[in-house]
Amino acid sequence: QVQLVESGGGLVQAGGSLRLSCAASGRTFSRFTMGWLRQAPGKEREFVATISRNGANTYYAESVKGRFTISRDNNKSTVYLQMNSLNPEDTAIYYCATSPYAPGPDTVYDYWGQGTQVTVSS
């Protein structure tokens with residue numbers, strides 16, 4: 001059974017930073033694309049970032065490009081999202097997800113974590 005467990009969310013002031021982690025189990029981590037998506041109150045879930053199986057290729061939403069960095073450690077079966085220069089518009093529940101398909105902004109994911117709340121105060 002595939003499990004994805006996010007951690008690292010919390011409350012931060014505008015301009016601050018957070019690092020999210022997602023620990024995966026139940027499938028061979030290095031064989032799958034990983035991604036981060038988010039859902040703000042009253043809005044649909046949206047793509048944030050994705051990374052290829054070996055970490056060589058990454059893609060970002062325009063709204064986070066230059067501020068967020070996705071990375072992965074295949075030895076630890078963990079994917080990370082480093083978030084810098086946070087602003088209140090980044091407030092959302094952040095989900096990690098795994099996909100058997102190539103990375104991209106429209107990648108379809110088959111397993112999701114439970115999410116971690118990120119709140120940015122102004």
If you define the side chain from C-beta out and look only at heavy atoms, does anything of [X] sit under 4.5 Å from [Y]?
| X | Y | value |
| --- | --- | --- |
| Thr69 | Tyr60 | yes |
| Asp110 | Pro100 | yes |
| Ile51 | Thr33 | no |

Taking all non-hydrogen atoms of both residues, which atom of [X] and which atom of [Y] are closest, and how far apart?
| X | Y | result |
| --- | --- | --- |
| Tyr80 | Trp36 | O-NE1, 3.3 Å |
| Pro88 | Ala14 | CD-CB, 4.2 Å |
| Glu62 | Lys65 | OE2-NZ, 2.7 Å |

Checking the side chain of [X] only, and the main-chain atoms of [Y] only, is there a donor and an acceptor separated by less than 3.5 Å?
| X | Y | result |
| --- | --- | --- |
| Thr107 | Ala102 | yes |
| Thr50 | Met34 | yes |
| Ser99 | Val108 | yes |
| Arg31 | Arg27 | no |
| Arg67 | Ser85 | yes |
| Thr91 | Val120 | yes |
| Ser52 | Asn57 | yes |
| Glu6 | Gly115 | yes |

request  = Just do the side-chain contact (heavy atoms from CB on, under 4.5 Å) check on Arg38 and Val64 with the steps written out, would you?
outcome  = CA-CA 12 Å; Arg38 68 186 181 185; Val64 307; 4.0 Å; yes

task = Decide whether a cation-pi geometry holds between Arg72 and Phe29; the criteria are a distance under 6.0 Å from NZ or CZ to the six-membered ring centre and an angle within 45° of the ring axis.
result = yes

ask   = Is the charged tip of Arg53 near the ring of Phe32: under 6.0 Å from the six-membered ring centre and within 45° of its axis?
value =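 The answer is no; the distance or angle limit is not met.
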
note = When Leu81, Leu18, Thr58, Leu20 are each screened for side-chain contact (heavy atoms from CB on, under 4.5 Å) with Phe68, the one that passes is Leu81

request  = Begin from the C-alpha positions of Ser17 and Met83 and carry the test side-chain contact (heavy atoms from CB on, under 4.5 Å) through to its verdict.
outcome  = CA-CA 5 Å; Ser17 298; Met83 306 186 295; over 6 Å; no

message = Starting from Tyr59, can I reach Val79 by hopping between I/L/V/M/F/W/Y residues whose side chains sit under 4.5 Å apart?
response =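 Per the 4.5 Å side-chain linkage, Val79 and Tyr59 are not co-clustered.
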
query = Do Tyr94 and Val12 share a hydrophobic cluster, counting only Ile, Leu, Val, Met, Phe, Trp and Tyr and linking them when any side-chain heavy atoms are less than 4.5 Å apart?
reply = yes

query = Between atom OG of Ser30 and atom CG of Asp73, what is the distance when rounded to the nearest 0.5 Å?
reply =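 Here the interatomic distance stands at 11.0 Å.
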
task = Give, for atom OH of Tyr109 and atom CG of Leu37, the distance between the pair rounded to the nearest 0.5 Å.
result =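 Reported to 0.5 Å precision, the distance equals 5.5 Å.
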
task = Show your reasoning for whether side-chain contact (heavy atoms from CB on, under 4.5 Å) applies to Ser121 and Thr119.
result = CA-CA 6 Å; Ser121 63; Thr119 303; 5.8 Å; no

ask   = Going through the distances and angles, do Tyr95 and Cys22 end up as a side-chain contact (heavy atoms from CB on, under 4.5 Å)?
value = CA-CA 9 Å; Tyr95 300 89; Cys22 173; over 6 Å; no

